[in-house]
Amino acid sequence: MESHRAAAEEVYYFGPYKIEKNEVFFTTELSFALVNLRPVVPGHVLVCPKRLVKRFADLTAEETTDLWLSAQKIGSKLESHLKASSLTLSIQDGPEAGQTVPHVHIHILPRKGGDFEKNDEVYDVIDIKEKELKEKLDLDKERKDRTTDEMAEEADEFRALF
């Protein structure tokens with residue numbers, strides 16, 4: 001059952017980090033989507049299972065299906081809304097793959113022509129941003145990269161799409 005709006009009583013975690021409800025813009029029974037603290041491109045968001053699951057292989061079949069169907073729906077809406085022409089969907093599964101937060105998540109990046117000089121540079125930038133995010137969260141629990149208001153405003157904009 002899709003609810004598309006964060007329930008007032010629900011608490012969200014991205015790995016060990018509590019996520020403010022106003023940063024969540026899409027929910028289903030098994031997944032949620034949030035705006036990104038350090039977006040690589042405008043509209044770069046994350047989709048996570050509600051259950052804390054470290055590795056992709058540990059998802060149930062239902063969670064896997066729900067996660068990818070959510071990513072498909074969100075990606076389609078964001079691509080249209082942001083007038084993008086393509087999407088990059090990416091998972092870093094495990095530390096050697098660049099995963100810095102121990103919680104399965106899909107990166108959705110709305111793409112436009114020329115946003116990267118070489119198309120595959122996007123993966124390098126995701127990796128760098130993930131590492132910077134881990135360092136930032138470890139050193140500064142207040143998460144000051146983008147303000148809460150900026151993130152809430154973006155989440156409100158995206159929430160209206162659903």
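Just the heavy atoms: all of them, side chains too, but no hydrogens, waters or symmetry mates, feed the values below. Quick caveat, the model's predicted, so the values are computed rather than measured.
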Once side-chain contact (heavy atoms from CB on, under 4.5 Å) is applied, do any residues pair with [X], and if so which ones, sequence neighbours excluded?
X	value
Glu153	none
Glu63	Leu30, Arg51, Val53, Leu59, Thr60
Pro42	none

So, taking the atom named [atom1] in [X] and the one named [atom2] in [Y], what distance separates them when rounded to the nearest 0.5 Å?
X	Y	atom1	atom2	answer
Gln99	Phe56	CD	CZ	12.0 Å
Cys48	Leu67	SG	CG	7.5 Å
His107	Leu89	NE2	CG	10.5 Å
Ile108	Gln72	CD1	CD	10.0 Å
Leu69	Thr64	CG	OG1	10.5 Å
Arg146	Met151	CZ	CE	5.5 Å

Which pair of heavy atoms, one from [X] and one from [Y], lies closest together, and at what distance?
X	Y	value
Val47	Ser70	CG1-CB, 4.1 Å
Val35	Phe158	CG1-CD1, 4.1 Å
Leu82	Pro110	CD1-CG, 3.8 Å
Trp68	Ile91	CZ2-CD1, 3.5 Å
His44	Arg38	ND1-O, 4.2 Å
Asn22	Ala155	O-CB, 3.1 Å

Practice task
With salt bridge (Lys or Arg N to Asp or Glu O under 4.0 Å) as the test, would you mind laying out the steps for Glu10 and Lys50 before giving the verdict?
Solution key: CA-CA 10 Å; Glu10 203 149 11; Lys50 287 183 177 176; 2.9 Å; yes
Heavy atoms, side chains only, cut-off 4.5 Å: are [X] and [Y] in contact?
X	Y	value
Phe25	Leu161	no
Phe162	Ile74	yes
Val41	Asp115	yes

Practice task
Check whether the ring centres of Tyr13 and His103 lie less than 6.0 Å apart, and answer yes or no.
Solution key: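 Ring-ring flag for Tyr13/His103: false, centres at least 6.0 Å apart.
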Practice task
Please lay out, stage by stage, how Leu87 and Leu109 fare under the test side-chain contact (heavy atoms from CB on, under 4.5 Å).
Solution key: CA-CA 6 Å; Leu87 295 170; Leu109 293 87; over 6 Å; no
Practice task
Determine yes or no for a side-chain-to-main-chain donor-acceptor pair under 3.5 angstrom, with Arg55 supplying the side chain and Asp93 the backbone.
Solution key: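 Looks like yes, one N/O pair under 3.5 Å.
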Exercise for the section: Take the angle between the ring planes of Tyr12 and Phe32 and call it parallel below 30°, perpendicular above 60°, tilted in between. Expected result: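 Taking Phe32 first and then Tyr12, their aromatic rings sit tilted (interplane angle of 30° to 60°).
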Practice task
For the pair His105 and Phe14, name the ring-plane relationship: parallel under 30°, tilted 30 to 60°, perpendicular over 60°.
Solution key: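 Perpendicular, since the angle between the ring planes exceeds 60°.
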Handout entry: Pair Asp156 + Arg159, salt bridge at N-O below 4.0 Å
Key =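 Salt bridge between Asp156 and Arg159, a charged N being under 4.0 Å from a carboxylate O: yes.
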Exercise for the section: Determine, for Arg111 against Glu79, whether the closest basic-nitrogen to carboxylate-oxygen distance falls under 4.0 angstrom. Expected result: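 Result for this pair is no, no salt bridge flagged.
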Handout entry: Connected via hydrophobic side-chain network under 4.5 Å: Leu52 and Tyr17
Key =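 Different clusters: Leu52 never reaches Tyr17 through Ile, Leu, Val, Met, Phe, Trp or Tyr contacts under 4.5 Å.
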